[in-house]
Amino acid sequence: MSEIKLEIIESPTKRAAVGRPLLFVHGAYAGAWCWQANFLPYFAGLGYHGFALSLRGHGLSDGRAQLAATSISDYACDVDVAVRRIEASTGLSPILIGHSMGGFVLQQYARDHRVAGLALLATVPPEGLIGSMLHLVWRHPQLMWELNLLQQGGMPPHMDKLRELLFSPALPDSLLLQYAARFQHESDRALIDMSLLQFDQRPPLGQPPALVLGCEDDKLMPSHLSHSAARALGVRAQMLGGVGHLLMLDAGWQIAADALALWLASLP
């Protein structure tokens, strides 16, 4: 782990800090950059000291050459490195916030590490990707095909299908093209890890405060998967309208940010 250089984007607040620091973990095909446009400045404005991690092989982190063989457990090790660095620099354990695959990684991490809080956004549930794949094959087979093209070629699929798969209709074309240009290949091993039967579905150690946010119109992670993830954490999922799967980048991103901020403000 010490040999892997990890990109951790820091977003300090200019106000008096409130609460614990926040660590944001991205999903598949993305990097720490996905939190920079909206979420990091939003929460810095509220007084939170934010950090966004690029998992190995993503963003500016090392590990591109070994990405295809990188496992979900490797990603969980990256989270551990980031948590320890944040604890060393701030003196506090961060609240962990994960999107999609990042939420699945955090669920694995929290089974073996005590965490201060866990927020999962449009997350892969503890049973893995099987429900998502069946949903796409049955309800949206063309989108399943386009998603496979994204993984195989490292290039975005047709723009109209990319919007339907990941965003709401309200996202401007200019932003859609900007984000599409930054998507990257995902680890084949990590995708396989999430697609296999999940034998370890233990809840997080110590039952930390938890939040699950889902999207009503999410084509990748439909609402029943968000409810499944919430049940595993002993909470109720909160479903959001007006945003697609990539809720932190969508036109209505503040709907999700406001919901997360309200939960953070409720923590002791």
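All values derive from a computational prediction rather than experimental measurement.
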**Request:** Each residue besides L197 in its hydrophobic cluster should be listed here, by chain and number; the cluster joins Ile, Leu, Val, Met, Phe, Trp and Tyr at side-chain heavy-atom distances under 4.5 Å.
**Result:**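 F199, which link up through side-chain heavy atoms under 4.5 Å apart, make up the rest of the cluster.
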**Prompt:** Linking Ile, Leu, Val, Met, Phe, Trp and Tyr by side-chain heavy atoms under 4.5 Å, what else ends up with L196?
**Reply:**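 L196 clusters with I192.
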List the atom pairs, with distances to 0.1 Å, where a side-chain N or O of residues 261-268 and a protein N or O form a donor-acceptor pair under 3.5 Å, not counting sequence neighbours.
from	atom 1	to	atom 2	distance (Å)
W263	NE1	A210	O	3.4
S266	OG	W263	O	2.6

**Prompt:** Restricting to pairs with a member in residues 95-115, which pass salt bridge (Lys or Arg N to Asp or Glu O under 4.0 Å), not counting sequence neighbours?
**Reply:**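 Every salt bridge (Lys or Arg N to Asp or Glu O under 4.0 Å) pair that includes a residue of residues 95-115, provided the two are not neighbours, is D112-R202.
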**Item:** Sequence neighbours excluded, every pair satisfying salt bridge (Lys or Arg N to Asp or Glu O under 4.0 Å) that has a member inside residues 41-51
**Value:**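 Non-adjacent pairs meeting salt bridge (Lys or Arg N to Asp or Glu O under 4.0 Å): zero.
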Quick one: ring pair (Phe, Tyr, Trp, His ring centres under 6.0 Å) partners of [X], sequence neighbours excluded?
{"X": "Y48", "answer": "none"}
{"X": "H58", "answer": "H26, Y75"}
{"X": "W33", "answer": "none"}

**Polar side-chain atom of Q201 near backbone of Q198 as donor-acceptor pair, under 3.5 Å** =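 Flag set: sc Q201 to bb Q198 pair under 3.5 Å.
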Give the table of side-chain donor-acceptor pairs shorter than 3.5 Å for residues 239-252, with sequence neighbours excluded, one pair per line with atom names and distance.
from	atom 1	to	atom 2	distance (Å)
H245	ND1	D218	OD1	3.3
H245	ND1	D218	OD2	2.8
H245	NE2	S100	OG	3.0
D250	OD1	S168	N	3.4
D250	OD1	S168	OG	3.0
D250	OD2	S168	N	2.8
D250	OD2	S168	OG	3.2
D250	OD2	G244	N	2.7

**Request:** Report the residues that fulfil salt bridge (charged side-chain N to carboxylate O under 4.0 Å, His left out) with D193, sequence neighbours left out, ordered by chain and then residue number.
**Result:**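 Checked D193 against salt bridge (charged side-chain N to carboxylate O under 4.0 Å, His left out); matches are R189.
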**Request:** State which residues pass side-chain hydrogen bond (donor to acceptor under 3.5 Å, both in side chains) with S54; sequence neighbours excluded, sorted by chain then number.
**Result:**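 Testing S54 for side-chain hydrogen bond (donor to acceptor under 3.5 Å, both in side chains), a comparison that skips the adjacent residues, returns E7.
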**Asked** Taking only residues two or more places apart in sequence or in another chain, which ones pass side-chain hydrogen bond (donor to acceptor under 3.5 Å, both in side chains) with Q36?
**Response**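 side-chain hydrogen bond (donor to acceptor under 3.5 Å, both in side chains) check on Q36 returns nothing, list empty.
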